[in-house]
Amino acid sequence: MSSNPLDAAGLRSALVGSLVLPGEPGWDEARQAFQLAVDQRPDAVVLAASPSDVVATVNAARAAGLRVAAQSTGHNAGPLGALDGTVLLRTSGLTGITENPGAGTVRVEAGVIWGDLTAAVARHGLVGLAGTSPTVGVVGYTLGGGLSWLGRRYGLAANHVVSADVVTADGVARHIDAKSDPELFWAIRGGGGSFAVVTALEIALVRTPDLHGGVLFFPLERASEVLHAWRDWTATVPDAVTSIGRILRFPPVPDIPEEVRGQSFVVVELVSLLGQQESDELLAPLRALGPVMDSVRPSSPVELAAIHMDPLVPVRAAGDGFLLTDLPSDALDAFLSVAGPGEDFPLLGTEIRHLGGAFAPDPAKGGAVTGFDAGYFVFSAALTTDELSVKAAHLALDRLCEALRPWGAATSYLNLAERPGGAPFADEATLDRLRRVKALYDPADLVRGNHPVEPARTAG
Ligand SMILES: Cc1cc2nc3c(=O)[nH]c(=O)nc-3n(C[C@H](O)[C@H](O)[C@H](O)COP(=O)(O)OP(=O)(O)OC[C@H]3O[C@@H](n4cnc5c(N)ncnc54)[C@H](O)[C@@H]3O)c2cc1C
């Protein structure tokens, strides 16, 4: 790409970190996302080492007529699409974590991953609203919403952001909160990464409650009985319990732990914020079904990150998710008719997350997304080896989505939407407002989120 319009020498001299251009040493490593199935080919990659690198990158890209895509881990790189005309701004080098235990908050830079944040604040008896995976980026996850194990009690992570440091498309570094920049601050809480590049978030934590977590494993053949019992059970549990009903088909590969390698299960994964006795009482109906393995026990916040068995190293994967308004018995049967035992379903894990509780929308929480008009969320993912296996996974996902269409919600959840397009992630009124915020702060659409929000066109 000799016709690269970027002033590479100028940008290089302004950076604390580094600029990597196509073909230069380190290019493949610099452009590689955690999601190995995605082949990112931007015009350039900046490996930011300081917030000032973000300012320099935004200014250099704007001058060259290029766009900027911020990325920390690349977990959700799938929907970004082709990166022609784009500088990929990797933030994984921005790893500062500043705890403020007195205020119950933490400031995290844009490259911090959840495992590191959880460990840092646990020593103060505090916990953030992490999702299932310790390798996911705090900022990307939080901008998109953030469905946590603690979420039925405390809601979405996005609604716990206190302030943010951002660089807007005009190259200005701003410290924003609900008072200083109400519209921009509203948009980044759930609206994703289209509005500005975030260099740090200040996040409110919660005092670590009693935590019990783990997995009940049953043979896959019992999927209908177990998932129906789990569905009935979810209608009875308080918001202190967040759970997932899931089908797991572990491939016979060495990366999978020996005790489950090559086997298939139906499982219930859960976290309870109640004490031992209450947790045991609540779990009794599920334990009465006789799991073959039961790992539910008192857990530390760090241990919660192992429950979902998410990959800890980059993998080739294909997945997608969608919201269900509700999960009546018929919907569960439809789920099983596609993903259940005896079906030719090539995905490794297919789950139904229980929402409700504090996941219900509440505009008073502030933020573009404050919850979901949906009772459950379905997500499924496969480990893939090549284009053919990606295609097979996507076809199977389409079948699952089709079977559950009668119960599908009108909106989707941005963080776990891993394919481009699909259902809009917000209702029309929210999308309109997001587009107006985008037009205000980034009318030329320089900042490129993986789930884009285009600037509203101004009348006349
Ligand atoms: C194994 C696994 C488990 C998961 N579990 C959960 C879960 O339990 N709950 C849940 O809610 N989600 C979950 N997710 C989804 C996850 O929240 C999304 O993939 C999220 O987008 C990842 O953020 P990231 O920064 O790691 O990824 P990236 O791909 O680096 O970022 C995703 C997008 O976030 C935006 N972004 C990132 N950094 C910045 C920045 N500094 N400034 C502006 N925009 C930025 C960009 O639009 C970027 O394209 C899971 C994903 C995986 C792979």
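For this chain, numbers begin at 1 and follow the sequence in order. What you are looking at is a predicted structure, and each value in this text was computed from that prediction instead of being measured. Both counts, for ligands and for their atoms, begin at 1 and track the order of listing.
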Determine whether a donor-acceptor pair (N or O, by modelled atom type, separation under 3.5 Å) exists between the side chain of His308 and the backbone of Ile244.
no
For atom 31 (O) of ligand 1, state whether the nearest protein heavy atom is under 4.0 Å away.
no
Distance from atom 2 (C) of ligand 1 to nearest protein heavy atom, with residue and atom:
Ser133 CB, 3.8 Å
What protein heavy atom sits nearest atom 51 (C) of ligand 1, and how far away is it?
Val136 CG2, 3.7 Å
Ligand 1 versus Ala110: contacting region, heavy-atom distance under 4.0 Å:
side chain
Checking contacts here: is it the side chain or the backbone of Leu416 that comes within 4.0 Å of ligand 1, counting heavy atoms only? Could be both or neither.
side chain
Nearest to atom 37 (C) of ligand 1, what protein heavy atom do you find, and at what distance?
Gly140 CA, 3.7 Å
Identity and distance of the protein heavy atom lying nearest atom 18 (C) of ligand 1:
Asn415 O, 3.4 Å
Looking at ligand 1, is there an atom of it that comes within less than 4.0 Å of some heavy atom belonging to Glu351?
no
Applying a strict 4.0 Å limit to heavy atoms, is Ala77 in contact with ligand 1?
yes
What pairs meet the ring-ring contact (aromatic ring centres under 6.0 Å, His included) rule with one or both residues in residues 32-86, with sequence neighbours excluded?
Phe34-His75
Any idea which part of Tyr413 is under 4.0 Å from ligand 1, heavy-atom wise: side chain, backbone, both or neither?
side chain
Check each heavy atom of Asn450 against ligand 1 and say whether those closer than 4.0 Å belong to the side chain, the backbone, both or neither.
both
Whether Glu303 and Arg297 form a salt bridge (side-chain N of Lys/Arg under 4.0 Å from carboxylate O of Asp/Glu) is what I want to check.
yes
Classify the contact between Ser194 and ligand 1 as side chain, backbone, both or neither, using a heavy-atom distance cut-off of under 4.0 Å.
neither
Pick whichever of Ala69, Gly74, Gly151 has a heavy atom sitting closest to atom 28 (P) of ligand 1.
Gly74
If we set the cut-off at 4.0 Å for heavy atoms, which region of Leu143 has an atom near ligand 1: side chain, backbone, both, or neither?
side chain
Sub-4.0 Å heavy-atom approach of Gly192 to ligand 1:
no
For atom 41 (N) of ligand 1, what is the nearest protein heavy atom, given as residue, atom name and distance?
Val198 O, 2.9 Å
I need the contact type for Met309 against ligand 1. Using non-hydrogen atoms and a strict under-4.0 Å cut-off, is it side chain, backbone, both or neither?
neither
Could you tell me whether Asn76 and ligand 1 have an N or O pair separated by under 3.5 Å?
yes
List ligand 1 atoms under 4.0 Å from Gly449, heavy atoms only on the residue side.
47 (O)
